[in-house]
Structure formats: C-alpha cells, structure tokens
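When reading the values below, keep in mind they use all heavy atoms of this one structure, side chains included, and skip hydrogens, waters and symmetry mates. Here the structure is a predicted model, which means the values were calculated and not measured.
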Amino acid sequence: MNRARAARAETHPRPRIWMIGPMPQPLNGQSNYNATITRFFESQAPTTILPTGGTGAEKIAAGLLLPFIILFFLRRDDHVYTSPPGQNGVWLFLPTIAALRLRKLDHIVHHHSFRPINLGPTRASRVLCRLGGPFQRHVFLSARMRDGYAALYLTDQQKSRSFVLPNAFFFYDEKGRTAERHGPVTIGHLSVITREKGVDYLLQMIEKLAAIRSDFRFCLAGPVADAALKQEIVAFCERHPTISTYLGSVQGDAKARFYEDVDIFILPTRLVDEADPLVILEAYSYGSEILASSTGCIPERMRLPSMLITFDLEQDVRLLDRVITEVAEQRTVISQACVLHVKSMHETSRSDARTFFAALGLSVPDPRETSL
C-alpha cells in the first residue's frame with residue numbers, strides 16, 4: 001500500500017506555489033513582506049521564487065523571462081501568488097499577467113500600496129485587472145483598501161472573490177511585558193525620514209508645543225537622505241537642546257530602546273504609497289500611544305479614532321497637548337491598553353489568514369503549536 005501511495009505521489013506531485021514579486025535586495029516594506037510570506041509558503045509546500053528584479057535592467061529581464069516560464073513550466077494545478085512591482089514597474093509586469101491569462105491559470109495579486117487608489121484610476125491597474133479577469137483573485141491589507149480599490153478597478157465578481165490579510169498576521173511581535181517608562185513623557189518618531197512621512201510637519205507641531213509646555217521630551221530616529229531636511233532637524237535640536245534628540249539610524253537593541261522610551265509615537269505620513277505601516281504594530285507592541293494621519297489603512301489600525309491627525313496645526317497641537325497630560329496621569333493603564341489593542345489586531349488577522357491560505361491549500365498553524 002505504501003508503494004502504491006508513493007507511486008501516485010510521483011504521478012501526481014503536490015501542487016507547487018510559484019511566488020512572483022520583488023524580493024530583497026533592495027530591502028523595503030514590500031520585499032520584506034514577500035520574504036516573510038515566502039518562508040511561510042516554503043514551510044508548507046514546494047515553492048519556487050521568481051523575482052521581478054530590483055534594478056531597471058533586472059525588471060526588464062524579468063518582464064521578458066517570467067511569461068516564458070509561465071507558458072512552459074507551470075502545471076494547471078499549481079498555485080500562483082504575485083506581488084506586482086510598484087509605480088511604473090506594473091507595466092513590465094503585465095506580460096506576466098497576460099501569460100497567466102493565456103494559460104487560464106488562477107493567480108493571486110497581493111496589493112501593498114495605496115498609490116493606485118490615491119492616484120486612481122490608473123491605466124496600468126485597469127489593464128492588470130482586465131487582463132487577469134476571472135482567473136485573478138486580489139488580496140488587500142484592510143477592508144478599506146479592498147473597498148477603495150474595488151470601486152476603481154474590480155467587477156462585483158472579482159470583489160466577492162477577494163481577500164483581506166492585514167500585516168498584523170505576520171508582523172505582530174508579543175513582547176511579554178510592558179516597558180516601564182519614567183521621567184517626562186517622551187514623544188517619538190521612527191522611519192526612513194522624509195517630508196512625505198510628515199517629519200517637517202512633526203517639527204512644526206513640536207515647535208508650537210514647546211511654546212506652551214516643556215514637561216516632555218522629543219526623540220527622532222531614522223536615516224535622512226534629504227540634506228536640507230537633515231539640516232532642519234539639526235537646527236531644531238540646537239534650538240531645543242533640553243527636550244529634543246536625534247538618534248540617526250537605529251537597529252537591533254538601539255531600536256528596542258527607542259520604543260521602550262517612547263510614550264507617544266507620532267506618524268503624520270502623507271506618503272502616497274502608505275498602506276499598513278509596520279511601525280504602528282511595533283509602537284503599539286511596546287505600549288506606546290499613537291497619533292497618526294488618516295492615510296491608507298491607518299484609521300482601521302488606531303486604538304482610538306480621536307488620535308487621528310488632521311493637519312490643522314492648531315488642532316493637532318491641542319490634541320498632542322491633551323494626550324501628553326493623559327499619558328502623564330495614566331501611563332501604565334494607557335500602555336497596557338495599547339498592548340492589548342495590537343494583540344487583538346493580530347488575533348483578528350488570524351481569521352483572515354485562515355480564509356486566504358485555505359485558497360492555496362495551506363493551513364494556519366495554531367500559535368500554541370508553532371511560531372510564524
């Protein structure tokens with residue numbers, strides 16, 4: 001019987017997962033996610049990675065090679081997971097979608113950017129959805145993202161066959177204990193620092209706040225490529241040496257210490273691609289309260305809707321002033337509430353994950369049995 005079973009397995013090998021998308025290097029939010037979900041695929045099924053390339057030349061080469069691989073090497077019962085490149089890279093990805101349509105292969109398209117929604121409708125996204133047609137299933141990071149994209153690009157049938165898979169499923173990291181914070185309330189921000197991330201606006205907020213109170217600290221962390229913006233940060237710290245610190249790029253233990261010190265994390269991002277920022281999960285996991293803009297999926301991630309930034313400077317400074325007072329009075333209670341909030345997000349995401357991965361013939365392990 002075992003021989004017969006082995007013979008059948010050789011005749012009908014287990015369906016393979018073909019992972020098509022940007023992979024490190026370069027390392028960014030999307031390629032980091034792709035590397036993480038690929039490790040999950042590899043733990044459960046035979047997996048082949050087909051990178052779409054990082055440089056312009058690599059993307060062009062992938063645009064020519066991937067359709068050939070799809071046309072001649074994929075089996076009808078294989079699973080195809082795609083993570084399209086951002087911005088103009090979508091155009092080079094369209095021949096891959098066309099090849100999948102020609103082979104009538106069902107395939108997943110996982111979206112990581114709000115750009116097609118914020119700037120939509122875009123021609124590239126329209127073509128991608130029409131090419132895929134009934135063989136295409138879409139995955140989004142939140143219900144808001146799904147609804148916004150569907151309104152611009154999807155048929156009712158395509159929307160009904162779509163999935164939601166929040167970043168909280170893969171990127172939640174339970175700390176085991178709440179950081180004990182002492183001294184003045186600390187406001188912080190960590191990112192690859194750009195104007196699109198709202199750091200210039202954050203400096204305006206802190207400048208105005210410093211005029212009405214001084215019982216707080218401000219800590220900024222992350223690399224800055226914009227020389228003019230870096231000079232603004234340095235000048236700000238020189239004007240306010242008793243309350244402000246710029247740490248530069250932080251990793252590992254230094255990054256952990258940053259989050260352990262921060263009571264209030266502020267993310268005033270206006271980045272057109274911003275979707276489901278991992279820093280929100282990180283900050284909540286360490287017990288930091290969060291103030292953030294309503295960009296992308298952020299409103300669905302906030303513990304309290306009242307913590308959304310409006311970009312009305314006077315109003316936002318009043319909000320920050322109030323939250324500093326609340327944190328100073330209820331530091332432990334608020335910190336614990338933040339930790340419970342992100343844990344709840346992760347638990348909810350597991351239900352979404354089970355629905356999505358079932359479509360690929362995969363199961364989601366019980367967290368008590370194994371760690372993702």
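Within the 3.5 Å criterion, the main-chain N or O of Thr348 finds no donor-acceptor partner in the side chain of Ser351.
In this pair, His111 and Phe140 present their aromatic rings parallel. The plane angle is below 30°, not in the 30 to 60° band. Ring geometry for Phe163 against Phe356 counts as perpendicular: the plane angle is over 60°, on a 0 to 90° scale with 30° as the lower cut.
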Can you give the donor-acceptor pairs under 3.5 Å from side chains of residues 242-255 to other protein atoms, not counting sequence neighbours?
{"from": "Ser244", "atom 1": "OG", "to": "His240", "atom 2": "O", "distance (Å)": "2.6"}
{"from": "Tyr246", "atom 1": "OH", "to": "Gly222", "atom 2": "O", "distance (Å)": "2.6"}
{"from": "Lys255", "atom 1": "NZ", "to": "Glu282", "atom 2": "OE2", "distance (Å)": "3.2"}

Show me the donor-acceptor pairs within less than 3.5 Å that the side chains of residues 51-63 make with the rest of the protein, sequence neighbours left out.
{"from": "Thr55", "atom 1": "OG1", "to": "Glu58", "atom 2": "N", "distance (Å)": "3.2"}
{"from": "Glu58", "atom 1": "OE1", "to": "Gly54", "atom 2": "N", "distance (Å)": "2.7"}
{"from": "Glu58", "atom 1": "OE1", "to": "Thr55", "atom 2": "N", "distance (Å)": "3.0"}

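Legend: residues meeting salt bridge (Lys or Arg N to Asp or Glu O under 4.0 Å) with Arg130, ordered by chain and number and at least two apart, are absent. A search for side-chain contact (heavy atoms from CB on, under 4.5 Å) contacts involving Gln336 returns Thr178, Thr332, not counting sequence neighbours.
Of all non-hydrogen atoms in His138 and Gln158, the two that sit nearest each other are NE2-NE2, 4.5 Å. Contact record, Ser113 with Asp273: OG-OD1, 2.7 Å, taken as the closest heavy-atom pair.
With hydrogens and angles left out, the side-chain atoms of Asp316 and Thr310 include a donor and acceptor closer than 3.5 Å.
Leu119 belongs to a hydrophobic cluster whose other members, connected by ILVMFWY side-chain contacts under 4.5 Å either directly or through intermediates, are Val272.
Residue pairs meeting the side-chain hydrogen bond (donor to acceptor under 3.5 Å, both in side chains) criterion with at least one partner in residues 79-89, sequence neighbours excluded, are Gln30-Ser83, Asn34-Ser83, Tyr81-His110.
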